[in-house]
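Heads up: the structure comes next, in structure tokens.
No experiment lies behind these values; they were computed from the predicted model shown. Per chain, numbering begins at 1; letters A, B, ... match sequence-line order.
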There are 2 protein chains.
Amino acid sequence: MAPREHTHPAVEDVELVTVLSALAEPTRLRIVRMLAAMEGERAWKDIDLPIAQSTLSHHLKILRNAGVVQSRTEGTRCFVSLREEELEGRFPGLLECVLACRDAWNGGHQAP
Amino acid sequence: MAPREHTHPAVEDVELVTVLSALAEPTRLRIVRMLAAMEGERAWKDIDLPIAQSTLSHHLKILRNAGVVQSRTEGTRCFVSLREEELEGRFPGLLECVLACRDAWNGGHQAP
DNA sequence: TTCGATATTCGATGTTCGTCGAACATCGAA
DNA sequence: TTCGATGTTCGACGAACATCGAATATCGAA
């Protein structure tokens, strides 16, 4: 289906466990880092990962429901972005320290 | 079996996803909060939760493998504690902000 | 040495999760 | 209106997970 105006939870209603679960998965963490690496939003299509579209859609839904990302629809395509400020208000420091951490698998898979 | 000198990973070898996964479970998060609420260590027996002993043992193993807690054996009983400082060195701010968050389910189930 | 207390491990069970391909819905363009 | 592009939803599958009770290993005390 085409992206039809997604619903986003209020960050106040999101529980910590939900956010942690959302971030506790390699692919999703990678998406979050990818979004954090650039200011503003990213086009869905440009989220280039070695997974099926349906899988990506699934992960984005989980991140959305966890209040971590938000989607904006424009015509038939959509743009994704982090809800950094709101998240910071709800879970101060969480996103920052998660992004700050560079572990082995992450430092090694991008550029040399 | 009796507690026989557990093995603990070096925090440097622990990946972020592993820690997040360990914390992304209500029961385990509760254990971590419980341990944080008191200075020093806590006797295994005093970890009073509505779960089977085998389940508790299982969760503690996961937290241990994630470098979140450590166990000390004394005779036939053991004591559990948070690896706060080490964790802070590996993932600065993470434990702190996870503990700082008080969400609905957590604020509501203890005292009024 | 025998017994009770203390955790861990094992085996089983039901649930949740990540993944895919196919079917579908919606929009813009031809 | 017909098409092609774009994401989403559905159904299915195997892997991973939370949970329990029973069996087990280890230690201290009687």
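Closest to the side chain of E25(B), from the set dC20(C), dG21(D), dA18(D), is dA18(D). In the set dT8(D), dC27(C), dT8(C), dT8(D) carries the atom at the smallest distance from any side-chain atom of R64(A). When distances are taken from the side chain of H58(A) to each of dT9(D), dG18(C), dT8(C), the shortest belongs to dG18(C). The side chain of T76(A) approaches dA5(D) more closely than any other nucleotide in the set dT6(C), dA5(D), dC20(C).
Summarising the geometry, the separation between NE2 on H59(B) and P on dC20(D) is reported as 8 Å, rounded to the nearest angstrom. Between the NE2 atom of H6(A) and the C1' atom of dA25(C) there is a distance of 12 Å, rounded to whole Å. Rounded to a whole Å, the CG atom of L49(B) is 11 Å from the P atom of dC20(D). Taking atom CD1 of residue I31(B) and atom P of nucleotide dT19(D), one finds them 9 Å apart after rounding to whole Å. The nearest whole Å value for the distance from the CG atom in L63(B) to the P atom in dA18(D) is 10 Å. Spacing between atom CD1 of I62(B) and atom C1' of dT9(C) amounts to 14 Å, rounded to whole angstrom units. When the P atom of dT6(D) is taken as reference, atom CG of L60(A) falls 16 Å away, rounded to whole Å. Here dC10(C) presents its C1' atom at 16 Å from CD of Q53(B), a figure rounded to the nearest Å.
Of the residues in residues 34-48 of chain B, those placing a heavy atom less than 4.0 Å from an atom of DNA chain C are W44(B), K45(B), in numerical order.
Rounding to the nearest 0.5 Å places CD1 of I51(B) at 4.5 Å from CG of L56(B).
Heavy-atom distances to DNA chain C give each of F79(B) and T55(A) a nearest nucleotide, and the one nearer the 5′ end belongs to F79(B).
Among Q70(B), R90(B), R64(B), the one residue that satisfies the side-chain contact (heavy atoms from CB on, under 4.5 Å) test with R83(B) is Q70(B).
Look at R28(B) and you'll find a side-chain N or O under 4.0 angstrom from OP1 or OP2 of dA18(D).
At a threshold of 4.0 angstrom between heavy atoms, the contacts of I51(B) are confined to the sugar-phosphate backbone, with no base atom among them.
Every stem involving DNA chain C, taken as at least 3 paired positions in a row under the Watson-Crick or G-U wobble test at 3.5 Å, is listed here: C:1-30 with D:1-30.
Remark: side-chain polar atoms of E74(B) are not paired, donor with acceptor, to backbone N or O of F79(B) under 3.5 angstrom. Distance alone, capped at 3.5 Å, places no donor-acceptor pair between the E15(A) side chain and the T18(A) backbone.
Pairs engaging residues 37-47 of chain B under the salt bridge (Lys or Arg N to Asp or Glu O under 4.0 Å) rule: E41(B)-R72(B) [sequence neighbours left out].
Using a 4.5 Å heavy-atom cutoff, the side chains of V98(B) and F91(A) are not in contact. Between V68(A) and V19(A) the shortest side-chain heavy-atom distance falls below 4.5 Å.
A donor-acceptor contact under 3.5 Å is formed by the side chain of S54(B) with the base of dG21(D).
Counted within 6.0 Å of CD on E96(A), heavy atoms from surrounding residues, nucleotides or ligands total 12 or fewer; the atom is thus considered open.
At a threshold of 4.5 Å between side-chain heavy atoms, the hydrophobic network of Ile, Leu, Val, Met, Phe, Trp and Tyr places L99(B) and L16(A) in one connected group. Cluster membership check: L82(B) shares its hydrophobic cluster with M34(B), using side-chain heavy-atom separations under 4.5 Å among Ile, Leu, Val, Met, Phe, Trp and Tyr.
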